Amino acid sequence: MRKPFIAGNWKLNKTADEAEEFIKSFLPLVQGVKDVEIGIAPQYLAIPALVAASRGSNVGIGSQDNYWEASGAFTGEVSAEMIKSAGCIYAIIGHSERRQFFGETNATVNQKLKAALAAGLHPIVCIGESLAERESGITEKVCEDHLRGGLAGLESAQMQTITIAYEPVWAIGTGKTATPEQAQEVHAFCRNLLEDMFSAEVAAATRIQYGGSVKPDNVKDLMAQTDIDGALVGGASLKPDSFAALVNFNK
Ligand code: PGA
């Protein structure tokens, strides 16, 4: 059985103080939740405050990116080892905003993914098509390229700690969610592809989150789909109440 996994991607929001304030209100709202895995990925500078404030709780902290080299002359970068040593569990890799604004490609996603795995982080690998790509009927091809390129060279055993996040770019921050059926179709496609790339066991065990305007009022229908195992949430993860409502989707 795949344990549902709800993760917040805070993007470029919240100072360390604001993050601490959030977690103080949020933890009591999700206290005792054991059947859903909960993650939050703040900006780097808020990681120490969140790690300290969530210690011993059921909430894990993650980064929104990581560089592939461990150290050296790479001004502005943060390595997977540094993220791990700050107390993070997760690392989001290949988010569409990084692909769109920061030149991320399937090849760099692959390098970052390997570095995250080597550091012992649990990666959340983002894939998904743009509106133009959906309209020209190449959604599956784009997702296949993202998966084959992003996961290239990995062994089946390395898939154990990896989560895939399917996020149609046209649904991110736009209020336009894919319908549960549209999302399920792509999730099923990705799961079949994982079987082809690795094995039936890997395909059955890998969690695939949906992301793109997930809100308390649409999460239930999305989570009811066979191949949707969680959500990667931007906007609705910024307020303790709405993020807790997402985590408690099955209550
Ligand atoms: P959104 O963002 O929930 O604000 O659409 C999702 C994401 O980009 O991960």
Side-chain angles (χ1 to χ4, degrees), residues 4-14 18-19 22 26 36-44 46-47 50 59-66 88-104 109 112-113 116 121-131 133-134 139 142-143 146-147 150 162-180 182-184 186-187 190 207-223 225 228-249:
F5 180 19
I6 307 283
N9 169 16
W10 282 358
K11 310 189 180 186
L12 188 54
N13 292 291
K14 291 194 196 292
E18 288 163 348
F22 173 99
F26 178 68
V36 176
E37 190 169 325
I38 311 167
I40 298 176
Q43 48 94 352
Y44 289 122
I47 287 173
L50 279 189
V59 177
I61 307 305
S63 61
Q64 300 173 11
D65 186 25
N66 62 262
C88 281
I89 295 176
Y90 311 106
I92 297 173
I93 301 172
H95 189 278
S96 64
E97 285 147 19
R98 299 225 45 97
R99 294 179 191 260
Q100 193 178 344
F101 304 127
F102 304 100
E104 202 84 77
V109 168
K112 291 179 175 189
L113 174 59
L121 291 165
H122 295 192
I124 300 174
V125 180
C126 303
I127 64 165
E129 82 287 1
S130 67
L131 183 59
E133 289 164 342
R134 175 159 282 261
T139 295
V142 171
C143 291
H146 285 178
L147 280 176
I162 297 180
T163 298
I164 305 297
Y166 167 59
E167 302 200 300
V169 179
W170 49 273
I172 294 177
T174 58
K176 278 189 212 149
T177 334
T179 64
Q182 278 176 322
Q184 166 58 29
V186 181
H187 281 234
C190 293
R207 291 181 297 188
I208 308 178
Q209 294 175 319
Y210 170 78
S213 299
V214 177
K215 306 275 183 261
D217 63 5
N218 60 25
V219 68
K220 233 189 164 101
D221 289 344
L222 288 161
M223 292 301 292
Q225 302 297 315
I228 300 184
D229 308 311
L232 183 57
V233 186
S237 72
L238 292 170
K239 295 239 162 64
D241 287 0
S242 63
F243 194 42
L246 294 177
V247 167
N248 290 310
F249 72 91

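If you read the sequence from its start, that first residue is 1, and numbering goes on from there. Side-chain atoms are counted along with the backbone in the values below, which use heavy atoms only and exclude waters and symmetry mates. In listed order, ligands and their atoms are each counted from 1. Predicted model, so just to flag it, every value in this text is computed and none were measured.
Atom 9 (O) of ligand 1 has E167 OE2, 2.6 Å as its closest protein atom, hydrogens excluded (heavy atom only).
Ring-plane geometry between F22 and F243 is classed as tilted, the angle between the planes lying from 30 to 60 degrees on a 0 to 90 degree scale.
The shortest N or O to N or O distance between T174 and ligand 1 is not under 3.5 Å.
For the ligand labelled ligand 1, residue S213 lies inside the 4.0 Å heavy-atom shell.
The ligand atoms of ligand 1 that sit less than 4.0 angstrom from a heavy atom of G235 are 1 (P), 3 (O), 4 (O). Every atom of ligand 1 is numbered from 1 in the order shown, and the set under 4.0 Å from a heavy atom of H95 is 7 (C), 8 (O), 9 (O). Atoms of ligand 1 lying under 4.0 Å from any heavy atom of G212, numbered from 1 in the order shown and given with element: 5 (O). With ligand atoms numbered from 1 in the order given, ligand 1 contributes 1 (P), 2 (O), 3 (O), 4 (O), 6 (C) to contacts under 4.0 Å with heavy atoms of G234. Listed by atom number, the atoms of ligand 1 under 4.0 Å from N9 heavy atoms are 9 (O). Annotation for ligand 1: atoms under 4.0 Å from non-hydrogen atoms of G173 are 1 (P), 4 (O), 5 (O). Set against the non-hydrogen atoms of A171, the atoms of ligand 1 under 4.0 Å away are 5 (O).
The backbone N or O of H95 lies less than 3.5 Å from no partner atom in the side chain of E167, so there is not a single donor-acceptor pair.
The CD1 atom of I124 sits 5.0 Å away from the CD1 atom of I92 when rounded to the nearest 0.5 Å.
Results of the side-chain contact (heavy atoms from CB on, under 4.5 Å) test with H146 over I127, V125, V109 single out I127 as the only residue that passes.
In this structure, I162 and L113 have side chains that are in contact, with non-hydrogen atoms separated by less than 4.5 Å.
Under the 3.5 Å distance criterion, with hydrogens and angles disregarded, no donor-acceptor pair is assigned to the side chains of W10 and Q64.
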Original post:
What's the verdict on side chain to side chain contact (heavy atoms under 4.5 Å, CB included) for D229 and I208, showing C-alpha distance, side-chain angles and the deciding distance?
Top reply: CA-CA 5 Å; D229 308 311; I208 308 178; 4.1 Å; yes

